[in-house]
There are 2 protein chains.
Amino acid sequence: MPDEEGHPLPAEMDLRTVLHALADPLRFGVIAGFLREADGTERTCASFQLPVSKSTTSHHFKVMREAGLLRMVDHGNSRTAVLRTKELDARFPGLLDLVRAE
Amino acid sequence: MPDEEGHPLPAEMDLRTVLHALADPLRFGVIAGFLREADGTERTCASFQLPVSKSTTSHHFKVMREAGLLRMVDHGNSRTAVLRTKELDARFPGLLDLVRAE
DNA sequence: CCTTAGGTTCGACTTGCATCGTACCTCTTG
DNA sequence: CAAGAGGTACGATGCAAGTCGAACCTAAGG
């Protein structure tokens, strides 16, 4: 089962849920943004400056987190998100490459 | 531009549109159904016996057709759908493998 | 201790999408 | 020509999802 922050294990990740998460333009842009950075790059939600309110931004990150795309890391002061590259490549080989190619 | 039946060329296919088409359970099931058959298999919309009305079935096939997943072939009496395997593999390598692996 | 920065949660609103029934189209077959 | 099979188009409806503002939480730093 997902942990207290809603992160599913790779085996629990559902392809349709992931596809739905990626189908939204803003969320797709966030994942594409991570793929343009070095693997393991951590970023705050705010750093993406999405053209929506803070609460909507939080909602989108929750969808990605619960789909298994992102992991939230607590740093005391600010929380950061990191793309679960390794786990996604193992569970859905080729998926991130498709996003990267776009 | 898409032809008169709404089939996009591979270059016109949009990944997000394809992901959205695949995110629906019924549509995902149809594509998965095609992948269980021999490549090039043609099937009528009705042959899937989706648990929805005829008009809803037609709607779902339209979404898949306009995303580029399916091509409709006119046979005079009945129209059949066929998965655009080659074009999809070329445009989005690995995508169909993900669906197949599910 | 108060302020600020970064996120979350909640309730409300609004848009989008799946769904349906009805009507219509085309081709085949009796 | 009428009837039936397979699909499409359209308008209406209901639910899911995106959006927002306001209130709240935690940690850092003056």
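Chain letters run A, B, ... following the sequence lines, proteins first and then strands; every chain starts at 1. Heavy-atom basis, side chains included; hydrogens, waters and symmetry copies ignored.
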Enquirer: Do B:V63 and B:V82 sit in one hydrophobic cluster, given that two such residues count as connected whenever their side-chain heavy atoms are within less than 4.5 Å of each other, even indirectly?
Expert: no
Enquirer: Establish, with yes or no, whether the OP1 or OP2 oxygen of D:dT8 is under 4.0 angstrom from a side-chain nitrogen or oxygen of B:S58.
Expert: yes
Enquirer: Between P on D:dA16 and NE2 on B:H20, what's the gap in Å once rounded to a whole number?
Expert: 15 Å
Enquirer: Answer yes if the side chains of B:E42 and B:H75 hold a donor-acceptor pair under 3.5 Å, and no otherwise.
Expert: yes
Enquirer: Could you please name the option among D:dT8, C:dG7, C:dT19 that lies closest to any side-chain atom of B:M72?
Expert: D:dT8
Enquirer: Which residue in the set A:L50, A:V30, A:L26 passes side chain to side chain contact (heavy atoms under 4.5 Å, CB included) when paired with A:T57?
Expert: A:L50
Enquirer: Do we see a donor-acceptor contact under 3.5 Å between the side chains of A:S55 and A:S58?
Expert: no
Enquirer: Check whether any side-chain N or O of A:T56 sits under 4.0 Å from OP1 or OP2 of D:dT19, and answer yes or no.
Expert: no
Enquirer: Output the single nucleotide from C:dT19, D:dT8, D:dT19 whose closest atom is nearest the side chain of A:H59.
Expert: D:dT19
Enquirer: Of all the choices, D:dG18, D:dT19, C:dT9, which nucleotide is nearest to the side chain of A:L26 once you look at every atom?
Expert: D:dT19
Enquirer: Just to be sure I understand the rule, does B:R65 reach a base, reach only the sugar-phosphate, or reach nothing, if contact means heavy atoms closer than 4.0 Å?
Expert: sugar-phosphate
Enquirer: Where the side chain of A:H60 is concerned, which of C:dG7, C:dA18, D:dG18 is the nearest nucleotide?
Expert: D:dG18
Enquirer: If you look at every strand shown and take non-hydrogen atoms under 4.0 Å, does A:T44 touch a base, only sugar-phosphate, or nothing?
Expert: sugar-phosphate
Enquirer: Rounded to whole angstroms, how far apart are NZ on B:K54 and C1' on D:dA9?
Expert: 12 Å
Enquirer: Can you check the B:N77 CG to C:dG30 C1' distance for me, whole Å?
Expert: 14 Å
Enquirer: At under 4.0 Å between heavy atoms, what does B:H75 touch on the DNA or RNA strands: base, sugar-phosphate, or nothing?
Expert: nothing
Enquirer: On DNA chain D, nearest-nucleotide positions of A:D74 versus B:R43: which is more 5'?
Expert: B:R43
Enquirer: For D:dC20, does either OP1 or OP2 sit under 4.0 Å from a side-chain N or O belonging to A:S53?
Expert: yes
Enquirer: Is any side-chain N or O of A:S55 under 3.5 Å from a base N or O of D:dG21, one able to act as donor and the other as acceptor?
Expert: yes
Enquirer: Output the rounded distance in Å from CG (B:D24) to P (C:dG16).
Expert: 18 Å
Enquirer: Expressed as a whole number of angstroms, how long is the span from A:M64:CE to C:dG7:P?
Expert: 12 Å
Enquirer: Rounded to whole angstroms, how far apart are NZ on A:K62 and P on D:dG18?
Expert: 12 Å
Enquirer: Just the rounded figure in Å: distance from P of C:dA5 to CD of A:Q49.
Expert: 14 Å
Enquirer: So which atom in B:C45 and which in B:M72 form the shortest heavy-atom distance, rounded to 0.1 Å?
Expert: SG-CE, 3.8 Å
Enquirer: What's the CZ-P distance between A:F61 and D:dA17, to the nearest Å?
Expert: 19 Å
